[in-house]
Amino acid sequence: NRAAPSTLGTLISFGLLAAAKQTMGRKSLEAEQVIQIPHTMAEMIAQRGKASVGDKTILDALVPFADTLILSYNRSKDPLAAMGEAALAAEKGMESTKGMAAKTGRAKWLDGRNREYPDAGAMLCVMAVRRLCGRLEGGGEAE
């Protein structure tokens, strides 16, 4: 805990639990339901982490991803195309954290010494999204 006292894992767990509650009891999900999961996760992470977009957190990538995923899917009804657009939005969101001062979490302890780097949680979000997009485009099932 002293070496890496991050709460990101716990916050992601809260987000996943919120998504699980949203889909509880269903044997399968329609695309419209799957598309809502990142939004549900982002809302819970924001609530429990007491953070928002612009605070240099995972939300800077996750919220643009979730918003773009919903908008793109509603426009095209193509989940793969929507994922691609949303992945680009997540990357832009992550890049936007360069130059920001962290307002919450472990990065805040660095007191601005990390300004030139993107937020680690936003980077994690982009890495997960890239992995998911690669699995979906390759025809394999997402892990």
Side-chain angles (χ1 to χ4, degrees), residues 4-143:
S6 174
T7 58
L8 183 58
T10 301
L11 292 171
I12 290 172
S13 295
F14 282 130
L16 290 170
L17 285 170
K21 282 183 181 180
Q22 177 182 312
T23 59
M24 189 182 322
R26 296 189 175 107
K27 291 186 182 202
S28 64
L29 299 175
E30 298 297 323
E32 292 82 9
Q33 295 163 320
V34 173
I35 296 299
Q36 294 295 324
I37 290 173
H39 179 71
T40 300
M41 290 180 65
E43 282 185 333
M44 182 55 75
I45 290 170
Q47 176 189 343
R48 296 301 295 250
K50 297 178 177 66
S52 59
V53 173
D55 288 348
K56 194 169 184 160
T57 69
I58 190 173
L59 296 172
D60 291 298
L62 183 56
V63 169
F65 173 77
D67 290 349
T68 302
L69 185 61
I70 291 169
L71 290 172
S72 179
Y73 179 77
N74 286 340
R75 185 177 58 248
S76 70
K77 298 300 182 200
D78 180 346
L80 290 178
M83 282 290 292
E85 279 188 49
L88 290 174
E91 289 183 29
K92 282 183 182 178
M94 180 212 36
E95 289 295 328
S96 77
T97 65
K98 291 179 183 176
M100 285 184 185
K103 296 180 183 170
T104 186
R106 184 173 174 221
K108 184 179 176 183
W109 300 354
L110 296 173
D111 196 30
R113 292 189 309 266
N114 64 342
R115 276 185 186 257
E116 66 186 280
Y117 303 104
D119 177 68
M123 288 178 66
L124 173 66
C125 179
V126 168
M127 290 169 52
V129 165
R130 285 179 182 161
R131 173 78 173 160
L132 180 59
C133 284
R135 296 288 295 166
L136 295 175
E137 289 173 1
E141 291 188 23
E143 295 174 356

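Note that the coordinates shown come from a computational prediction; the quantities given were computed from them, not determined experimentally. Quick note: residue numbers are just sequence positions, from 1. Computed from heavy atoms alone, side chains included, the values below leave out hydrogens, waters and symmetry copies.
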Fill in the blank from the handout: Those residues at least two apart in sequence (or on a different chain) that pass side-chain hydrogen bond (donor to acceptor under 3.5 Å, both in side chains) with Q47 are none
Exercise for the section: Just jot down the side-chain hydrogen bond (donor to acceptor under 3.5 Å, both in side chains) partners of Q22, sequence neighbours excluded, or say none. Expected result: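 Scan of Q22 (side-chain hydrogen bond (donor to acceptor under 3.5 Å, both in side chains), adjacent residues dropped) gives T40.
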Practice task
Please round to the nearest 0.5 Å and tell me the distance separating atom CZ of R48 and atom CZ of F14.
Solution key: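 Going from CZ on R48 over to CZ on F14, the span is 3.5 Å.
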Exercise for the section: Quick one: pull up CD1 in I45 and NZ in K50 and give me the separation to the nearest 0.5 Å. Expected result: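 If I round to the nearest 0.5 Å, the distance is 14.0 Å.
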By side chain to side chain contact (heavy atoms under 4.5 Å, CB included) - contacts of [X] (at least two apart):
{"X": "L29", "value": "T23, R26, Q33, V34, I37"}
{"X": "M123", "value": "M94, P118"}
{"X": "A120", "value": "none"}
{"X": "L124", "value": "L8, I12"}

Minimal non-hydrogen separation, [X] against [Y], with atom names:
{"X": "G15", "Y": "M41", "value": "O-CG, 3.3 Å"}
{"X": "T97", "Y": "A122", "value": "CG2-CB, 4.4 Å"}
{"X": "D119", "Y": "K56", "value": "OD1-O, 3.0 Å"}
{"X": "C125", "Y": "I58", "value": "CB-CG1, 3.8 Å"}

Handout entry: Side chain D60, main chain V53, donor-acceptor under 3.5 Å
Key = no
Problem - Donor-acceptor pair, side chain of D78 and main chain of L80, under 3.5 angstrom - result: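 Yes; at least one donor-acceptor contact below 3.5 Å.
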Problem - Residues that R130 engages under salt bridge (charged side-chain N to carboxylate O under 4.0 Å, His left out), provided they are two or more places apart - result: E91
Completion exercise
Hits for salt bridge (charged side-chain N to carboxylate O under 4.0 Å, His left out) against E43, two or more places apart or cross-chain, chain-then-number order -> none
With a 3.5 Å cut-off and sequence neighbours excluded, list the donor-acceptor pairs that the side chains of residues 64-73 form with protein atoms.
from	atom 1	to	atom 2	distance (Å)
T68	OG1	P64	O	2.8
S72	OG	E85	OE2	3.1
Y73	OH	E32	OE2	3.0

Practice task
Would you indicate whether K77, at its atom NZ, is surrounded by more than 12 heavy atoms from other residues, nucleotides or ligands within a distance under 6.0 Å?
Solution key: yes
